[in-house]
Amino acid sequence: MTMSPQTTTHMGTAASVALQPEPPVKGRRPRKTRERISKHLMANRTAYLMIAPMVILLGIFVWWPLMYSFYLSTFEISFYEDPVFVGLQFYQYVLEDPQFWRSIGIGAMYVLYTVPAIMTIAFLMASFIRTCGVKLAGLLKTTVYIPTVVSAVVASIVFIFMYRADGGIINWLLGFVGLGPFAFLSDPNLALPAISIPGIWLAFGITTLIMLAGMYDIPQSYYEAAQLEGANYVQRTFFITIPLMKNVLLYLLVTATIAGMQQFELPLIMTQGGPTNATMTPNLFIFNTFKDPTPYATSFSLTAALILFFVLGTISVLIFRLIRSDKAIDA
Amino acid sequence: MNTSTGRRVATYVLAALIVLSTMLPLAWMLISGFKGKSEVVKTPFQFFPEIWIWQNYVDILRDPAFVQAMIMTFIGAVIFTLLSLTVNSFAAYAFARLDFRFKRLWWIYCITPMFIPGMAILLTSFVVVSNLGMLNTLAVLIIPGVAAAAQMFFIRQFYLNTPIAIEEAALIDGASRWRIFWEIFIPQSQGVFVVVGVGSYLAYWNAYVWPILTIQDPGLQQIMQYLAGFRSERGNEWGLLMAGSTLAALPTIILVLIFQRYIVNGVRLAGMK
């Protein structure tokens with residue numbers, strides 16, 4: 001979640017707009033209007049003044065650090081000599097590092113624990129809320145949204161407390177079915193599933209709301225027709241809801257997977273990556289390496305961050321292209 | 001009749017279950033804050049305290065570091081939100097309504113950061129702000145995150161859907177761009193500003209990693225930094241910690257409750273289809 005102020009994390013909504021195709025100004029308006037507008041809207045000076053603050057700030061705090069990351073990943077820096085260009089050597093080091101791969105594996109496991117659960121819970125809840133009356137639906141929408149705004153720090157602390165052996169509510173509840181007590185956070189086999197639970201809790205609410213928005217867009221008449229034909233809930237879900245929400249679901253799946261691969265604050269606070277590195281997610285691995293003050297470690301961790309960025313970025317761009325081109329065909 | 005009553009009951013039971021399970025961690029955090037020092041980790045387990053005591057809440061509010069962290073974070077978050085709305089809505093207006101040279105290029109420049117994950121620039125951002133001498137200032141918490149591509153995109157999306165007729169009339173009457181922006185766009189933007197503003201506020205309030213990297217000065221400590229520090233230094237005082245966590249989470253939850261209608265609509269505003 002919130003790593004630096006640059007990430008507008010909780011606003012899954014804001015990120016979701018990325019889906020929107022390029023400015024409708026161009027295509028959708030009738031040609032004549034467009035020409036008229038573009039002529040009288042030509043306003044270079046005002047426009048530059050208006051975008052200037054954003055351009056400058058992004059330049060200093062996003063583009064410059066990004067370029068700097070690339071620079072550090074291809075040069076070997078030392079305290080005594082001039083930087084030496086080493087090409088892709090750091091990339092090779094990272095890709096040959098078993099700890100890096102182990103952290104990727106742990107990130108993937110975390111995704112496996114959280115994403116299907118988030119998607120299923122959110123889908124079921126959204127389906128249910130859709131059938132509720134206006135008032136009840138309003139209450140439920142607000143309720144499920146609340147965990148989304150709780151910080152990862154507070155969630156971590158509360159769940160550490162809930163996982164305790166003495167006085168921990170989870171062990172108490174498991175006691176009723178004759179299980180436990182478990183030392184969730186210090187057992188290497190249980191630690192990762194244990195940090196997945198707050199991960200799910202933090203993310204399912206916004207996912208539910210976005211799915212619900214998608215469901216509301218499906219015309220009610222489709223369901224009425226299906227009901228007349230005698231289709232039951234399962235059939236309606238598989239033949240109407242899911243196919244018509246394909247893009248929303250795909251979008252949520254991709255963003256949840258990418259966010260899951262980058263999970264960082266929960267293991268940082270709950271387990272510090274332990275026990276025996278069982279919760280050392282990729283970003284935590286990168287962050288810990290960076291804290292090692294040698295220039296080698298700095299370049300190494302930056303390179304690892306960039307590799308992750310390339311891979312995840314490529315995946316998301318490809319999938320969003322897919323969604324978009326699909327949309328174009330629909331329209 | 002009978003089946004519909006049954007359905008209604010089932011609906012309410014299910015709804016109650018959803019509310020309870022969603023709120024359980026928060027409720028338990030709140031309740032644990034009311035337990036005494038030994039009771040909070042007592043075996044056998046007890047959900048509710050035997051005696052409800054306010055002591056933890058009083059004690060944490062008497063800790064000057066906690067109060068200062070809350071106040072500093074609040075001040076920072078308000079400034080951050082206002083600056084962020086200003087910068088991003090200016091750019092959003094220009095991209096939605098004005099034509100200018102290299103618009104396409106500037107658009108790519110301003111929107112790509114949305115796809116750059118925090119970690120790819122977190123570490124070098126730290127190097128940049130320390131070279132700029134910004135460490136341990138309020139500015140380092142606020143300025144780097146002000147320009148946010150996602151926020152700008154969201155506001156612009158709203159402006160694109162704003163009818164152009166009023167604006168054209170104003171232009172013919174000789175109003176300047178700035179006047180149009182202030183007098184026509186800003187008043188209409190309430191809803192979208194609330195959604196984006198709440199988002200900025202939450203991002204600032206809940207930030208943890210950026211503050212621990214850039215702030216060592218205890219006078220500028222942020223609330224999440226304080227809580228995590230408390231947890232690692234005085235981790236056995238669970239009652240106090242739960243009371244502190246409750247108070248730290250409260251402002252964000254209240255904010256959501258106040259603006260719930262805007263936010264729930266905001267998800268639809270995002271135009272997800």
Side-chain angles (χ1 to χ4, degrees), chain A residues 2-8 10-11 13-18 20 38 41-44 46-47 50-51 53-54 57-58 61-62 64-66 68-69 136 140-144 146 149-151 153-154 157-158 161 166-167 169 172 209-210 213 248 262 265 269 283 286 290 302 305-306 309 313, chain B residues 15 19 22 25 28-29 41-43 45 87 90-91 93-94 98-101 106 110 113-115 117-125 128 144-148 150 153-154 157 177 199 202-203 206-210 224 227-228 231 238 245 249 252-253 256 260 264 266-268 270-272:
Chain A
T2 322
M3 288 203 276
S4 78
Q6 263 106 28
T7 39
T8 24
H10 108 283
M11 287 215 56
T13 52
S16 71
V17 290
Q20 283 276 324
S38 65
L41 286 187
M42 196 50 123
N44 280 320
T46 319
M50 287 187 118
I51 64 168
M54 180 150 198
L57 286 171
L58 289 178
F61 298 111
V62 177
W64 174 240
L66 189 66
Y68 195 45
S69 290
L136 190 60
L140 289 174
K141 279 190 255 181
T142 307
T143 308
V144 299
I146 285 176
V149 307
V150 172
S151 80
V153 174
V154 169
I157 292 175
V158 173
F161 185 46
D166 324 328
I169 191 169
W172 175 65
L209 290 190
I210 294 174
V248 177
Q262 299 188 74
E265 283 188 322
I269 299 162
N283 273 351
I286 291 165
F290 181 74
L302 286 170
L306 288 174
F309 161 45
Chain B
V19 173
T22 306
W28 207 49
M29 169 174 88
V41 290
K42 203 174 86 178
T43 337
F45 179 89
V87 168
F90 275 0
Y93 177 80
L98 306 177
D99 249 335
F100 48 97
R101 293 224 289 174
W106 288 120
C110 286
M114 197 154 82
F115 299 99
M119 197 38 107
I121 55 167
L122 177 73
L123 312 174
T124 36
S125 291
V128 167
V146 159
F153 192 97
F154 195 85
Q157 211 59 28
R177 292 283 166 199
L202 291 173
N206 291 340
Y208 170 62
V209 174
W210 187 245
M224 292 309 151
L227 279 181
R231 139 96 192 121
W238 282 105
S245 301
T252 58
I253 295 172
V256 170
Q260 50 175 322
V264 170
V267 176
R268 305 206 66 189
M272 274 285 318

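Letters go in sequence order (proteins before strands), and every chain restarts at 1.
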Exercise. Looking only at heavy atoms, what is the nearest atom pair of B:A147 and A:L57, with distance?
Worked result: CB-CB, 3.7 Å
Problem set entry | Heavy-atom closest pair, residues B:P117 and A:F309 | CD-CD1, 3.0 Å
Problem set entry | Most contacts with chain A, counted as non-hydrogen pairs under 4.5 angstrom, among B:L123, B:V128, B:V256 | B:L123
Exercise. With sequence neighbours left out, what residues match B:T252 under side-chain contact (heavy atoms from CB on, under 4.5 Å)?
Worked result: A:V149, B:L202, B:W205, B:N206
For this session: Decide yes or no on side chain to side chain contact (heavy atoms under 4.5 Å, CB included) for B:V146 and A:F61, but give the supporting numbers first.
Result: CA-CA 10 Å; B:V146 159; A:F61 298 111; over 6 Å; no
Problem set entry | Nearest non-hydrogen partners of A:M50 and B:F90, listed with the distance | O-CB, 3.3 Å
For this session: Could you tell me whether A:W64 atom CH2 has more than 12 heavy atoms of other residues or ligands within 6.0 Å of it?
Result: no
For this session: Identify which of B:A94, B:A249, B:S245, B:A15 forms the greatest number of heavy-atom pairs closer than 4.5 Å to chain A.
Result: B:A15
Exercise. About how many Å separate CE of B:M119 and CZ of A:F290, when rounded to the nearest 0.5 Å?
Worked result: 9.5 Å
Problem set entry | Considering all heavy atoms, the nearest B:R177-A:T46 contact | CB-CG2, 3.6 Å
Problem set entry | Full working for side-chain hydrogen bond (donor to acceptor under 3.5 Å, both in side chains) between A:S69 and B:T124 | CA-CA 6 Å; A:S69 290; B:T124 36; 2.8 Å; yes
Exercise. What do the steps show when you test A:V154 against B:M224 for side chain to side chain contact (heavy atoms under 4.5 Å, CB included), and what is the final call?
Worked result: CA-CA 8 Å; A:V154 169; B:M224 292 309 151; 4.1 Å; yes
Seminar exercise, completed: Scored by heavy-atom pairs under 4.5 Å with chain A, the best of B:A120, B:P25, B:C110 is B:P25
Problem set entry | Nearest-0.5 Å distance, OG1 of residue A:T142 to CD1 of residue B:I253 | 12.5 Å
Exercise. At a heavy-atom separation under 4.5 Å, does A:L58 approach chain B through its side chain, its backbone, both, or neither?
Worked result: both
Exercise. Which answer fits A:L140, side chain, backbone, both or neither, if we ask what part of it has an atom under 4.5 Å from a heavy atom of chain B?
Worked result: side chain
Problem set entry | Side chain / backbone / both / neither for A:I169 at chain B, heavy atoms under 4.5 Å | both
Problem set entry | From CZ (B:F100) to CD1 (A:I51), nearest 0.5 Å | 4.5 Å
Problem set entry | Heavy-atom side-chain contact between A:V62 and B:I121 under 4.5 Å | yes
